[in-house]
Protein chains: 4
Amino acid sequence: MPPIVSEEYKEKKKEQILKSALSCFADKGFQSSTIDDIVSHSGISKGAIYNYFKSKDEIYLEVLNRATAKNIENIRDNFSKLRSTLSKINFIFDGYLNTNPFEHERFRYIVVFYEFTLHCTRNEKLLELLTRRRDTFINLLVDVLKEGQEAKEINNEVDPEIFAHQFWTIIDGVSLQAVYNDFPYYDVLREMKEAYIEKLKL
Amino acid sequence: MPPIVSEEYKEKKKEQILKSALSCFADKGFQSSTIDDIVSHSGISKGAIYNYFKSKDEIYLEVLNRATAKNIENIRDNFSKLRSTLSKINFIFDGYLNTNPFEHERFRYIVVFYEFTLHCTRNEKLLELLTRRRDTFINLLVDVLKEGQEAKEINNEVDPEIFAHQFWTIIDGVSLQAVYNDFPYYDVLREMKEAYIEKLKL
Amino acid sequence: MPPIVSEEYKEKKKEQILKSALSCFADKGFQSSTIDDIVSHSGISKGAIYNYFKSKDEIYLEVLNRATAKNIENIRDNFSKLRSTLSKINFIFDGYLNTNPFEHERFRYIVVFYEFTLHCTRNEKLLELLTRRRDTFINLLVDVLKEGQEAKEINNEVDPEIFAHQFWTIIDGVSLQAVYNDFPYYDVLREMKEAYIEKLKL
Amino acid sequence: MPPIVSEEYKEKKKEQILKSALSCFADKGFQSSTIDDIVSHSGISKGAIYNYFKSKDEIYLEVLNRATAKNIENIRDNFSKLRSTLSKINFIFDGYLNTNPFEHERFRYIVVFYEFTLHCTRNEKLLELLTRRRDTFINLLVDVLKEGQEAKEINNEVDPEIFAHQFWTIIDGVSLQAVYNDFPYYDVLREMKEAYIEKLKL
DNA sequence: TATGAATGAGTCTTCATTCAT
DNA sequence: TATGAATGAAGACTCATTCAT
């Protein structure tokens with residue numbers, strides 16, 4: 001409220017807006033969510049929101065950026081605590097096996113995330129951003145797999161790049177299928193995980 | 001243009017509108033496409049479009065309905081021509097391996113399709129429709145796999161349901177990843193196909 | 001259907017269209033009724049309707065014109081059959097007392113009629129037409145009252161003009177009040193009729 | 001113009017919109033007036049109008065509501081200042097006798113008012129609202145007449161309900177007839193007033 | 001910084017009228 | 001004459017963004 005305000009204050013406000021925005025986007029989709037929805041949900045005035053973000057698009061972008069950042073950080077943290085390659089692969093699969101994609105909140109988030117992905121498709125800049133983000137996820141795994149090969153923990157024949165991509169392909173596949181609420185998410189994911197790990201072994 | 005016009009004429013016109021609509025959806029996205037976009041693209045007047053479809057939503061729905069119908073018909077046709085289960089599985093995988101998901105037209109279609117899928121997520125009626133459509137695709141495979149087991153062509157241990165779901169999970173996974181234009185689509189899909197078929201054998 | 005068609009045929013067709021139009025206008029009001037409504041109701045094609053009438057407005061006008069003509073004719077006919085002035089005045093009041101203004105069909109017609117009256121208010125030409133029509137109604141009564149005075153049947157003090165106007169004022173008043181379905185139409189009209197006739201007597 | 005604006009400011013704005021709306025309705029008729037007309041006439045933007053009213057229908061309703069409220073308040077005020085029943089009846093008649101129904105502004109308002117009345121006819125909710133409003137007007141008179149009877153000021157034989165209805169019937173009648181600009185409004189109304197009051201006396 | 005009223009381009013949809021057959 | 005598909009100008013309403021206070 002005072003004319004000069006700490007960075008911390010601003011950051012908190014931003015966070016608050018973004019949280020509300022995600023909630024709205026999750027509920028109604030990006031296009032269908034209005035700034036007024038975010039105003040209602042956050043209790044922050046329209047003018048204030050525009051003080052922190054240039055446009056609705058910028059909010060969208062930032063919402064997804066932060067969600068991703070958190071996810072990466074989380075994976076990195078846990079990888080660093082784990083020793084063997086297989087335990088890391090196990091861990092990252094289990095992250096998805098221990099999550100309920102049908103649970104309302106989670107489900108909404110998945111939908112928004114893929115909507116955003118598709119949205120980026122139509123804007124070169126956004127697509128590049130998205131691709132860079134994806135590279136981070138891919139490299140996380142490529143590094144692990146390479147280390148595993150160097151350490152002779154896993155099969156030398158597997159192509160780390162291909163297998164890294166394959167992993168996210170599986171995750172995207174099962175996540176997307178979760179839009180059908182009778183999808184046997186756990187069974188399918190477990191089956192695919194086993195096949196995946198089988199290939200790595202030896 | 002004249003009244004007292006054949007059903008065929010009307011059907012052609014509908015087709016024309018839907019084709020333009022799909023094209024627009026592909027270009028600008030499902031929600032961002034306006035009726036005016038379809039008017040511009042098709043050269044058909046707004047009024048005429050509303051003579052053939054009650055609402056924009058109806059256009060959406062019909063676009064996707066028809067695309068799906070064609071796809072299913074195609075798969076069924078080819079399945080009926082093929083003898084062994086493995087050859088059918090091969091065939092259906094190869095349908096995706098012989099397609100270039102990065103080719104503009106195709107790419108746009110993929111994006112629209114998934115956008116629509118996610119959109120349906122927010123509307124009970126649409127979701128039911130979508131689920132029914134998916135069931136058709138799933139059952140196509142379940143039937144094939146069951147027949148294969150009865151004919152002792154494939155492993156009795158695989159659960160047809162799970163493997164049917166797994167197949168479409170793979171397809172959704174690689175299709176979605178194709179938004180990244182450096183995604184090694186063919187390599188990943190081939191790898192996953194091999195693993196999938198390996199499991200079926202014996 | 002043949003290229004050359006009798007006047008009679010045309011007249012019949014016109015009548016048919018107008019009847020449907022009145023029905024539609026009565027149901028939904030003039031503005032809310034569409035040409036398509038008339039098409040549906042009459043079973044006559046849009047093109048055909050435009051062959052007989054230049055515009056929706058013209059239909060409106062003609063509908064009301066004819067309704068009025070019938071009414072006047074009816075009154076004239078009956079007046080000519082009646083001898084005394086008072087019996088004529090009685091008769092014309094009773095026409096309204098023996099009618100149920102709340103009966104759906106009739107009610108709708110009343111509403112349309114007053115809507116049309118108000119509509120004319122905004123168009124000099126229409127207003128003139130309407131005024132001429134009203135003059136006919138007024139004169140019908142003025143003549144009767146004057147004859148009555150000449151024949152010493154009714155009070156010489158009453159101003160025929162004023163009393164003619166007063167009559168239609170009463171009819172418009174009770175008709176309009178009939179929009180309220182608890183309006184004591186008969187009681188009020190009877191009361192006013194009695195007072196009216198009382199004044200004429202002596 | 002600024003945010004955090006007083007209730008008074010908002011009320012003024014609303015009033016401004018409603019005044020323009022009434023003006024437009026009066027000019028072009030109720031159904032034919034568009035929001036854009038109101039925008040042009042008021043100089044207030046479309047968006048702003050929708051900030052104050054949810055829909056065009058709500059504007060209609062409020063326009064009439066307020067007009068009615070003012071009228072009722074006015075009558076009540078004056079009734080309270082008058083002692084005898086006859087003076088009250090006189091007063092309310094004179095309100096209409098001292099008004100020029102042909103004066104442009106006034107005339108337009110009358111037309112709009114009856115248009116609205118007829119419009120309500122086609123909508124149960126509106127009709128109920130209208131009926132409740134009418135009841136207020138009726139009761140205003142019923143109460144006066146009953147008091148008059150209790151105070152032995154007026155004839156006990158008259159039915160207060162019927163006479164209350166009769167009064168408004170007269171007013172509606174002469175008001176409606178005023179659409180014809182040669183209608184002898186004052187003569188007719190004076191005549192009817194006298195007859196009415198005559199009946200009350202004794 | 002915060003507020004929320006104001007703006008107006010943009011959206012879907014309707015419908016009177018035309019016109020090729 | 002009859003048909004009904006085509007046209008496109010409105011119309012009601014929405015909403016991202018601006019800006020005066």
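Chain identifiers are assigned alphabetically (A, B, ...) following the order of the sequence lines, protein sequences preceding nucleic acid strands; residue numbering begins at 1 within each chain. Quick caveat, the model's predicted, so the values are computed rather than measured.
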Original post:
Between E:dA16 atom C1' and C:Phe25 atom CZ, what is the distance in whole Å?
Top reply: 12 Å
**OP:** With heavy atoms under 4.0 Å as the rule, sort A:Ser33 into base, sugar-phosphate or nothing.
**Re:** sugar-phosphate
Original post:
Does the side chain of C:Arg108 come within less than 4.5 Å of D:Thr121's, by heavy atoms?
Top reply: yes
Original post:
Are any of D:Tyr9's side-chain N or O atoms less than 4.0 Å away from OP1 or OP2 of E:dA6?
Top reply: yes
Original post:
Applying a 3.5 Å limit to both distances, which nucleotide forms a Watson-Crick or G-U wobble pair with E:dA20?
Top reply: F:dT3
**OP:** Report yes or no: do B:Tyr60 and B:Lys56 form a side-chain donor-acceptor pair below 3.5 Å?
**Re:** yes
Subject >> Nucleotide E:dA16, atom P - distance to CD of C:Gln31 in whole Å >> reply: 10 Å
Subject >> Pair B:Lys28 + B:Asp37, salt bridge at N-O below 4.0 Å >> reply: yes
Subject >> Near-strand residues of residues 54-61 of chain C, defined as heavy-atom separation under 4.0 angstrom from DNA chain E >> reply: C:Ser55, C:Lys56
Original post:
Looking at C:Lys10, does any N or O in its side chain come under 4.0 Å of the phosphate oxygens OP1/OP2 on F:dT1?
Top reply: yes
Subject >> Rounded interatomic separation in angstrom, taking CG from D:Asp36 and C1' from F:dA9 >> reply: 13 Å
**OP:** Report the distance from atom NZ of D:Lys14 to atom P of E:dA6, rounded to the nearest whole Å.
**Re:** 13 Å
Original post:
Roughly, in whole Å, what's the span from NZ in B:Lys13 to P in E:dA20?
Top reply: 14 Å
Subject >> Pair A:Glu115 + B:Arg122, salt bridge at N-O below 4.0 Å >> reply: yes
Subject >> Euclidean distance, atom CD1 of residue B:Ile35 to atom P of E:dT11 [Å, nearest integer] >> reply: 11 Å
**OP:** Residues of residues 37-53 of chain B with any non-hydrogen atom less than 4.0 angstrom from an atom of DNA chain E: list those, numerically ordered, please.
**Re:** B:Lys46, B:Gly47, B:Tyr50
Original post:
Can a salt bridge be assigned to the pair B:Arg66 and B:Glu15 using a cut-off of 4.0 Å between side-chain N and carboxylate O?
Top reply: yes
Original post:
Just wondering, do B:Leu129 and B:Leu61 contact through their side chains at under 4.5 Å, heavy atoms?
Top reply: yes
Original post:
Roughly how far apart are B:Ile35 CD1 and B:Phe53 CZ, rounded to 0.5 Å?
Top reply: 10.0 Å
Subject >> B:Lys10 NZ/CZ over B:Tyr52 ring centroid, <6.0 Å and within 45° of normal >> reply: no
**OP:** Taking atom types as modelled, find out whether B:Gln16 and B:Ser42 have a side-chain donor-acceptor pair closer than 3.5 angstrom.
**Re:** no
